[in-house]
Number of protein chains: 2
Amino acid sequence: MIDETDRKILRLLQENARMTNKELAAKLDLSITPVYERVKKLERKGYIKGYSARLDHEKIGKGMMVFMHLKLQVHTHENIRHVIEEVDHLEEVMECYHVTGETDYLLKVMVKDMPAYETFVVEKLTKIKGIANINSSIVMSTVKSTTSLDV
Amino acid sequence: MIDETDRKILRLLQENARMTNKELAAKLDLSITPVYERVKKLERKGYIKGYSARLDHEKIGKGMMVFMHLKLQVHTHENIRHVIEEVDHLEEVMECYHVTGETDYLLKVMVKDMPAYETFVVEKLTKIKGIANINSSIVMSTVKSTTSLDV
DNA sequence: ATTGAAAAAAGAATGGG
DNA sequence: CCCATTCTTTTTTCAAT
């Protein structure tokens, strides 16, 4: 189990993964060694899965975000497996979840702009066999977006 | 503008934000200095917005994810401002987008479990004035989840 | 578990192609 | 824009508590 000191480390590393052990130690009122040991433990035990650079979507040409609700034609094991496999390979699909409710799957898709989105839908998504229905919610603006969980 | 070398650096740092300049240099067949200069430039120009630790949702007690579609009662400037302000303050809300389609806002919510979700809905979300309607899609399983954009 | 110190590695800064 | 070198800082290990 992890204690409050570990949770503080996780909070700080969520905000800045490149914070040095020295900086962490200063904020936690500890010496460097225990901080070093704790970070290694959190990595080893899988609390920390990795470290990522956060990029500017607009600047790197992924300024358009769309949430797409997919409904399957038939819910056979084979159809589910096939659709999942195909969706997984699409680089535009950042996230895909099996969800409860009216639809079966929810996808978060990121593309450059509207023409790129149309190409994605026409050339890739609708070519996947087994999808009955697609309902899209285009993101007009981002009210809030964080990757930092309340640990 | 950025070139292919810059894009490779962004790709690698998305996967591992703690990769050293030495490792980057080896993968790019460059010496350390240009790599150092390029990373600093990408940070300075805002292509890299920051670095985050990726945590294990289950392990830190955020094992339940729900997407919630919100519809507003009235679309006055004042009501929109109020709802946005309140939603922004909720720690369970990781993302909130203004979207096209049937509903107005899409929220990604992360909580510990079903009781915590019920508490969130009853004690927090439904206490916000101005929300007409909530439609929830509970995540049963994650088919794909990546933070690495195809740069 | 934490401290302090020492060795190894990486980062920052500089002068030159 | 890139390379090589030096200087500084950080990471990592280890003895001691």
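Just so we're on the same page: letters track the sequence lines, and every chain starts at 1. Reckoned from all heavy atoms, side chains included, excluding hydrogens, waters and symmetry mates.
- Rounded to whole angstrom, the span from the CZ atom of B:Arg38 across to the C1' atom of D:dC3 amounts to 14 Å.
- Comparing C:dG17 with D:dC7, their C1' atoms are spaced 22 Å from each other, to the whole Å.
- Between A:Glu4 and A:Arg7 there is a salt bridge, with a side-chain nitrogen of the basic residue lying less than 4.0 Å from a carboxylate oxygen of the acidic one.
- Put simply, CG on A:Asp6 is 14 Å from C1' on C:dT2, counting in whole angstrom units.
- Atom NZ of B:Lys22 has 12 or fewer heavy atoms from other residues, nucleotides or ligands within 6.0 Å.
- Salt bridge status for B:Glu123 with B:Lys127: present, with a side-chain N to carboxylate O gap under 4.0 Å.
- The CG atom of A:Leu24 sits 15 Å away from the C1' atom of D:dT12 (whole-angstrom rounding).
- There is a side-chain donor-acceptor pair under 3.5 Å between A:Tyr117 and A:Ser136.
- Note on A:Pro34: a base of the nucleic acid sits closer than 4.0 angstrom, heavy atoms only.
- We find that B:Glu15 and B:Arg11 are not joined by a salt bridge, their nearest charged nitrogen and carboxylate oxygen being 4.0 Å or further apart.
- A salt bridge between A:Lys41 and A:Asp6 is present, with a side-chain N of the basic residue lying under 4.0 Å from a carboxylate O of the acidic one.
- When each of A:Lys124, A:Lys112, A:Lys62, A:Lys108 is tested with A:Glu92 by the rule salt bridge (charged side-chain N to carboxylate O under 4.0 Å, His left out), just one qualifies, namely A:Lys124.
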| said: So if I define the base as every atom that isn't primed, P, OP1 or OP2, how would nucleotides 10-17 of chain C read as a B/S/- string at a heavy-atom cutoff under 4.0 Å? | reply: SSSSB---
| Base-pair map of DNA chain C as dot-bracket, where | denotes pairing with a different strand and pairs are Watson-Crick or G-U under 3.5 Å | ||||||||||.||||||
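- A:Asp3 and A:Arg38 are joined by a salt bridge, as a carboxylate oxygen and a charged side-chain nitrogen come within less than 4.0 angstrom of each other.
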